[in-house]
Trainee: 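Structure provided below as structure tokens; questions to follow.
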Amino acid sequence: MVSASFDQIMALLYVLRSSKSGLFMAVEKLKRIKVSSVQELQVWLAKNATLSQDVMIVTCSKISTTKHISSAQVRAALGKTGWVSGPSQTLGGNLLGHIIRRA
């Protein structure tokens, strides 16, 4: 039996969904935007409202308490600005990547 985390499964589904539509973009090739506050994320989302490509929002994990943005906070900010969340994954160290796209 093969074991996989929820985020690993979601990342695989993202790749499969993207490749079927002809819009395949490897997770490693996504543009990465690092944010360290909800306000900074909201400003970036508003400024890039016309962006049509998927991007990866990079946040710090709970280890970095002063810069941590939870996944729930990311999803809430996305919902208010017409973006949707895809899979998230640990990028190493204390960084998390959240794949997002326009709704």
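In what follows, residues are counted from 1 in the order of the sequence shown.
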Trainee: Which pair of non-hydrogen atoms, one from A103 and one from V84, has the smallest distance, and what is that distance?
Mentor: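 Closest pair (atom of A103, atom of V84, distance): CB-CG1, 3.9 Å.
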Trainee: Could you tell me if the side chain of L91 sits less than 4.5 Å from the side chain of R32, heavy atoms only?
Mentor: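 Of all side-chain heavy-atom pairs linking L91 with R32, at least one is under 4.5 Å.
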Trainee: Could you see if V58 belongs to whatever hydrophobic cluster contains V35? Use Ile, Leu, Val, Met, Phe, Trp, Tyr and a side-chain cutoff under 4.5 Å.
Mentor: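 No, no single cluster joins them.
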Trainee: Using the test side chain to side chain donor-acceptor pair (under 3.5 Å), find all partners of N48 that sit at least two apart in sequence or belong to another chain.
Mentor: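 Listed in chain order: nothing, the list is empty.
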Trainee: How many angstroms lie between atom CD1 of I57 and atom CG of L78, to the nearest 0.5 angstrom?
Mentor: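 If I round to the nearest 0.5 Å, the distance is 7.5 Å.
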Trainee: Report the distance from atom OG of S37 to atom CD of Q42, rounding to the nearest 0.5 Å.
Mentor: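 The CD atom of Q42 is 8.0 Å from OG of S37, to the nearest 0.5 Å.
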Trainee: What's the spacing between L96 CG and M56 CE if we round to 0.5 Å?
Mentor: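 Reported value, rounded in 0.5 Å steps: 10.0 Å.
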Trainee: Quick check on the hydrophobic clustering: are L41 and L30 connected, directly or via other members, by side-chain heavy-atom contacts under 4.5 Å?
Mentor: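 L41 does not cluster with L30.
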Trainee: Roughly how far apart are Q89 CD and I99 CD1, rounded to 0.5 Å?
Mentor: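 These two atoms lie 5.5 Å from each other.
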Trainee: To the nearest 0.5 angstrom, please state how far the CG atom of L95 sits from the OG1 atom of T90.
Mentor: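 Separation between the atoms: 9.5 Å.
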Trainee: Does W83 have R101 sitting over its ring (NZ/CZ under 6.0 Å from centre, angle to axis within 45°)?
Mentor: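 Not flagged: R101 not positioned over aromatic ring of W83.
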Trainee: Share the residues that join V43 in a hydrophobic cluster, the rule being Ile, Leu, Val, Met, Phe, Trp or Tyr side chains under 4.5 Å apart at the heavy-atom level.
Mentor: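 Its cluster partners, ordered by chain and number, are none at all.
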Trainee: Before you tell me yes or no, could you show the steps for S85 and H98 under side chain to side chain donor-acceptor pair (under 3.5 Å), namely the whole-Å CA-CA distance, both residues' side-chain angles and the distance that decides it to 0.1 Å?
Mentor: CA-CA 7 Å; S85 179; H98 310 269; 5.5 Å; no
Trainee: Which distance, rounded to the nearest 0.5 Å, do you find between the OG1 of T59 and the CD1 of I33?
Mentor: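 Interatomic distance, T59 OG1 to I33 CD1, rounded to 0.5 Å: 13.0 Å.
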Trainee: Can you check whether S36's main-chain N or O pairs, donor with acceptor, with E40's side chain at less than 3.5 Å?
Mentor: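 Yes.
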Trainee: So L51 and W44, do their side chains get closer than 4.5 Å, heavy atoms only?
Mentor: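 Yes, side chains in contact.
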